[in-house]
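Reading through the structure tokens given below for one structure.
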Amino acid sequence: MADDKKFAGFVCTGCGIGDRLDAGQLEMTATRDGKMQSCVQHEMLCNKEGVQLIRDTIDNDGATHIMIAACSRRAKVEAFSFPDVAMSRANLREGVIWSRPDTDEARETTQEMADDYIRMACAEVKFMTKPTPSGEQELNKNILVVGGGVTGMTAALETAAAGFKVHLVEKTGALGGWAAKWHKRIPYRAAAAGVSNGTNVDLPLPIDNNVGEMIAAVEASDKITVHLNSTVTKTSGAPGRFSADITTESGSTATENFGAIVQASGWKAFDPSALAYLGSSNADVVTNVELEALANEAGDGPIKRPSDGKEVKSVVFVQNAGQASKEEGHLPYHSGIGDLISIKQALYFKDQNGKDCDTTILFDNLRTPGAAGEDFYRSGQQQMVIFSKGKVSEVTSSGSGATVNFKDLILNEDVKLDADLVVLDLGMVPNSGPNPYAVTDALEQLPYEERDKKLAEVEKQVAEASVSIESILNLDYRQGTDLPHLVNGFTDSHFICFPYETRRSGIYAAGPVRRPMDIKQAQDDATGAAMKAIQAAVNAGQGSAAHPRVGDLSYPKFRKEGCTQCKRCTVECPFGAINEDEQRYPMFNESRCRRCGTCMGACPVRVISFENYSIDSVGQQIKNVDIPDEFDEKPRILVLACENDAYPALDQAAMSGQEISAWARVIPVRCLGSVSLSWITDSMNSGYDGIVMMGCQRGKDYQCHFVRGSTMAAERMMKVGDTLQTLNLEPERVVVHEVAITDIERAPRLIKEMEEVIEKVGMSPFKF
Amino acid sequence: MSDMNTAMVEKYRNSFLKEVEANVEEGEWVKMCMQCGVCSGSCPLGPHWAHPPQEIFMMIRAGKREEVLASDSMWMCTSCYNCIVRCPRELPITHIMHGLATYAKKLGLVPKGQATAEFSQIFWNNMMKKGRVNELKLGLSLYFKDGFGQGIKNAMANQKLGMNMMKAKRMSAAEFFGGHGIKDVSGLQKMIKKAEEIEAAKLEANK
């Protein structure tokens, strides 16, 4: 193959590059140092003529590897799209001229910077090959939806509408889930524009429950196969080639193949047994779920209380019962929609028990999310529902009915309120399977030194806690049977960038298993997840990655003969993409892989690489920077910046006129998790004075696009100080920062800080 | 406690909110208060009253009938309208305050010696006689409202102000003897009487 490689370089002189830099010298650097077989200049490479120039070089001269020195690799992506060759880009615009002052003194260092970026891009492209898809799987237009509630049914209907076939698996004997039991629905439309405040204006009211229509639509669809009384007893494979065993209650099993999976296993009601102080043993104290049953029983007539069947004339809603509380047996989070539910239920009473039925909602912090939110609250006020800010201390009973003791938080005094019926607002608990990473997550809460000591104890606790939890998907993955949790049993999601994404590629969580939500939100959620599932199936069929590297055809390859079977890649892969084969070598499931390279960064013997991203493709960039000798007073700072947030932040900084240190050489990495320790030691050995690594925020509120990449990187870098000390170098020469895409002022400052560190500790002694 | 008050207590027993809704001018708006507190923060006299409007509305909902109606809060409103302008729910707060004051007066629950209430009564009586305010008599009756001795003291204390007003022709001593009125005083009085009848009938129906 090596003989077939033909390298061509292109230097753009547009956007002021030609005015600020000596283009002739850049061209010479590319051909002499970068060993490009040809290199041409063009005054505007991204226009039609420039693109045609590149195209002609590929088509007529047979160039297989091209180096484009122009703007940032994030700019002009559509123009510079040559999927049939390997390509690297030198960032001369944002990376050099826009981030350096246009002064005579800066001219020399700016030119040096540009020359280095050209050398780096040339070195990179030499170690790249054009990615070819593995062809591991074909397009599979079947989607598995687990859960037959509103979320599952919506996902199924939306998937079917897009022309894909669906298998809908429901554990119980009927579709509809919880929502089918509701008397009425929370309205999902706000008041018309311009509806003012007033006591007699048209505001949204509870609407009829249309779950029945949805069930009928699912049953009528010829693209949806419904499996009632069934569970998924085994799921194996990867996006595009999932295989699931669907077992009915009677024991018969059908095996089907799927392109992607939507898990819509919903929620269960919080168990109120820990709420004895709220009178949960009193018959006239009901939960908001039980009230729906009472309302259904009443039909359109007045709602009666359970103890003696008396028509309810006064009702008190206790909001936030046992939620967002640190107490034993309570829910640590707030379900968020309980206030909407209570307004809805209060309006049942106003509608069915008469306008003079006293309805009081005792809230702590009233929130009404969703389209009708604030208008629905106004609607409650209009109907004379009393909203009172109070903290309930106790619900007592004497005879029938109940007495609510609460502290009125506005009048700041203790008040008693008698009611025929008390309704407790209980939280929603996600219906997830056991968390495969429960032990790891629990250990991460502990200080580093204690983790080994407490391992056995933590394992025991986790085993006890998860013994009663049934697995939903029964994944046949090395990493565990279910979707990893983020917090409180809710599945993962990168809530800003990809809300439906879980840590298992091709499996999408939707509905209240992801976070508490009402019918409308669950339907929106299900639609989104269905679209993502279709996308995953299609991507898998093309052999390209899922979010965020959509379109990337490369996949990890490894040299078996070098592998020591240390299993770090299988453990550290955030997506469970790597299994072990019979001989305990890693086995990559290409379509589960998101191409972050965390495995590559983890591998101590450097046997894992991608066709277009490898230890060498970055290592050579590092080595091809010209390091001036110690007495030149020109330090070199290596910046490894995550391409998702930190690198764009630096680009943005340049666009907004921020100055970036002339000593910095920025190399984009796919994720900080892909950073190999060998890059750090190599660069230190070759004379860099400092290294700044920029990844995304890690931890519980992580922003890492690959979930755990930056966590893994931070863990590995903890030990880097020791390595530096063996080299007789100061540990402060290497720093890791968490950078957000908005940190456009901070990111250049972090590099500047490294400049100051170098000034203090002196230049590296490793320059030759 | 007046008969009417007893009747109202009986009728609305637990729901002061409903009572306010039915009997206080603009009272139906009270339930639309969302307790944001912007009114209380906007009120220039806020720190000087017992209960700012937000609190009054909350007390109404909490059924604190006696405390609300016997409060001096609604009497402290100077009608600057800051609260109405700023209320995000567009509640007519100023009007509700005046409505509450009127209602409290009708029930006979105004605290004895409430200065604003007394002044209002004096003003009303004065104005009803001739259809316009006789400033000299208004001033005098205000001076002497707490007895003759106090009246003389008040008059002495404000002597200079009174003389200046005379000099500037803002007040005329001649007004003491009758003073001038509007053209059709009896017509006005008839109108007011009719309005009072309508209002009384409304209240009676509510009893």
Side-chain angles (χ1 to χ4, degrees), chain A residues 191 194-201 203 313-316 339 343 346-347 350 354-368 373-390 401 403-404 406-420, chain B residues 11-41 46 49-68 71 73 83-96 99 206:
Chain A
V195 169
S196 64
N197 288 317
T199 48
N200 196 22
V201 288
L203 291 169
K313 278 285 154 211
S314 57
V315 55
V316 175
D339 299 326
I343 295 172
L347 293 180
K350 288 289 178 192
K355 286 253 172 255
D356 57 343
C357 178
D358 274 324
T359 51
T360 308
I361 295 181
L362 293 178
F363 66 92
D364 179 8
N365 43 23
L366 200 78
R367 22 184 135 170
T368 54
E374 185 78 356
D375 285 336
F376 194 38
Y377 166 51
R378 285 165 64 199
S379 193
Q381 287 186 312
Q382 189 189 55
Q383 306 281 322
M384 290 278 275
V385 175
I386 297 170
F387 294 90
S388 209
K389 195 171 164 73
T403 306
V404 183
F406 67 100
K407 186 169 188 85
D408 188 309
L409 292 175
I410 293 190
L411 302 175
N412 196 25
E413 59 186 28
D414 292 311
V415 186
K416 271 185 208 288
L417 202 56
D418 293 319
D420 291 338
Chain B
K11 177 168 183 205
Y12 290 98
R13 208 166 314 161
N14 269 327
S15 186
F16 184 41
L17 180 60
K18 278 180 196 155
E19 183 179 345
V20 168
E21 163 120 333
N23 298 297
V24 172
E25 205 183 329
E26 307 274 12
E28 69 274 18
W29 285 89
V30 167
K31 62 177 185 281
M32 294 297 270
C33 167
M34 61 175 178
Q35 291 292 315
C36 66
V38 166
C39 51
S40 307
W49 359 342
H51 311 289
Q54 173 205 10
E55 208 172 295
I56 284 277
F57 297 154
M58 196 63 209
M59 286 160 73
I60 292 172
R61 292 186 200 172
K64 295 176 163 280
R65 191 174 186 278
E66 295 304 305
E67 265 180 71
V68 170
S71 160
S73 299
C83 50
I84 291 196
V85 169
R86 293 187 181 163
C87 175
R89 279 283 163 86
E90 298 165 28
L91 262 67
I93 300 166
T94 309
H95 305 318
I96 301 172
N206 270 337

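A, B, ... follow the sequence lines: proteins, then strands. Residue 1 opens every chain.
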Glu374(A), CD: over 12 other non-hydrogen atoms inside 6.0 angstrom: yes
Neighbour count >12 (heavy atoms, 6.0 Å) for atom CG, Asn200(A): no
Max heavy-atom pair count under 4.5 Å with chain A, selected residue of Gln54(B), Met32(B), Lys64(B): Met32(B)
Euclidean distance, Met34(B) CE relative to Gln381(A) CD, rounded to 0.5 Å: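 The CE atom of Met34(B) is 8.0 Å from CD of Gln381(A), to the nearest 0.5 Å.
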Between CD on residue Glu55(B) and CG on residue Leu411(A), distance to nearest 0.5 Å: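 The CG atom of Leu411(A) is 6.0 Å from CD of Glu55(B), to the nearest 0.5 Å.
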Measure the shortest side-chain to side-chain distance between [X] and [Y] over non-hydrogen atoms and say whether it is less than 4.5 angstrom.
X	Y	value
Thr360(A)	Arg61(B)	no
Lys31(B)	Ile386(A)	no
Met58(B)	Asp408(A)	yes

Residue Pro92(B) versus chain A: region with a heavy atom under 4.5 Å: neither
